[in-house]
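Convention: sequence-line order gives letters A, B, ...; per-chain numbering from 1. Not measured: the values here are computed from a predicted model.
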Amino acid sequence: MSFVSEPAELSVTTRSVTTRLDGVRVVGGTAEVSDFIALMKPRVMSLVVFTALVGLAVAPADIHPVLGFISLLCIAVGAGAAGALNMWYDADIDAVMARTRTRPVPRGRILPGEALAFGMTLAVGSVAVLGLAANWVAAGLLAFTIFFYVVVYTMWLKRATPQNIVIGGAAGAFPPMVGWAAATGGVGVESIVLFLIIFFWTPPHFWALALWRAGDYERAGIPMLPVVAGLAETRRQILLYSVLLAPLGAAPWLLGYASAVYGVVAGIGGAVMLMLAVAVRRTDGIAGEAAAKRLFAFSVLYLFVVFAARLVDGRLPMFGNLM
Amino acid sequence: MTMVHDNDGIVLTEEEKRRRRARSVATALALAAMAVMFFVLTIVKLGPAVFNRPL
């Protein structure tokens, strides 16, 4: 591949030796181990592993603990592979955004070719081992998730449409389905509900971030909703998706999969999310930015609490019998 | 970051040698962990049947 707009500091090539714009030639193979860990987006990985664990744990089938652990490891590595391939492809725009310019590829610690090889190796390895350890339905879903994140989201949607994170958000929503498939060998209605919770959670989460990072995205030429449609429209859509998310979060209880305790936790979480989205909708300027930051921070907590509640609820039946 | 001179080849600094060593150790540990994982995976998947094969 070729990078159209090159970072100011580094002329990026896929060879092991590259030339900086100041004429100095530099070589690859100089990265720290921590650079390769950073390439896998460990914070995203942790969320992926957690939601996959919930899918695997609440599935109506038992999996051997060792196979369950290996399956989660494969899902984590698959997510890391997707992150590495994302950083390989997005090095040019990462270099011009404050949030991403210190990533290993734009910083010149890992060459694009190294990131590509690392990502592909992890992707193929994680899918193959998941197929051998669990089943090929789960492996196929994991492969599709990586493909969706790298090709559909990163290469296509991200630079093409303000709906990038809406459709692309599906990639982040698949892990509970992969975990469920690892345990059952198939796809169940509840796993689809878990998918939908993350799918409808993604737009308010990312657009809240984009509200105060709009300048960054604009500089990089990414058509995020605040850049293309403006801040007011973004706030309106954040509220719209939060309205859909609140009842959806409680859906596992409404559909009879989870206990009333889960329903109460998800209901309260959804209500707070909705209140914060209303605050974002009603405020502007610096107050609006603060409201967006509050919503962004709470959205992370919301997803964690809802999935943790479902995990406890699903693995401890006596928890549900209290209500 | 290593400077490359056409006649000298690549000369690593002490810091770069340390990083290379760290990467080598991490790679070795990952390979060892994979070997253990495949062994455990085989035993768990096949159970006692792992010894039950025609010779």
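- Proximity of A:Ile70 to B:Val44: side-chain heavy atoms (C-beta onward) are nowhere separated by under 4.5 Å.
- Looking at B:Arg23, both its backbone and its side chain come within 4.5 Å of chain A, counting heavy atoms on both sides.
- The backbone N or O of A:Leu67 sits nowhere less than 3.5 Å from a side-chain atom of B:Lys45 that would complete a donor-acceptor pair.
- With a 6.0 Å radius and a threshold of 12 heavy atoms from other residues, nucleotides or ligands, A:Met120 has its CE atom at or below the threshold.
- Only the side chain of A:Phe36 comes within contact range of chain B, with at least one heavy atom under 4.5 Å from a heavy atom of that chain.
- Shown here is A:Phe50, whose CZ atom has more than 12 heavy atoms of other residues, nucleotides or ligands within 6.0 Å.
- Taken from CZ in B:Arg20 to CD in A:Glu32, the straight-line distance is 14.0 Å, to the nearest 0.5 Å.
- The environment of CZ in A:Arg43 is sparse: at most 12 heavy-atom neighbours from other residues, nucleotides or ligands sit within 6.0 Å.
- You'll find the side chain of B:Met34 stays beyond 4.5 Å of the side chain of A:Val129, heavy atoms only.
- When heavy atoms are compared at a cutoff of 4.5 Å, B:Ala26 approaches chain A solely by way of its side chain, counted from C-beta outward.
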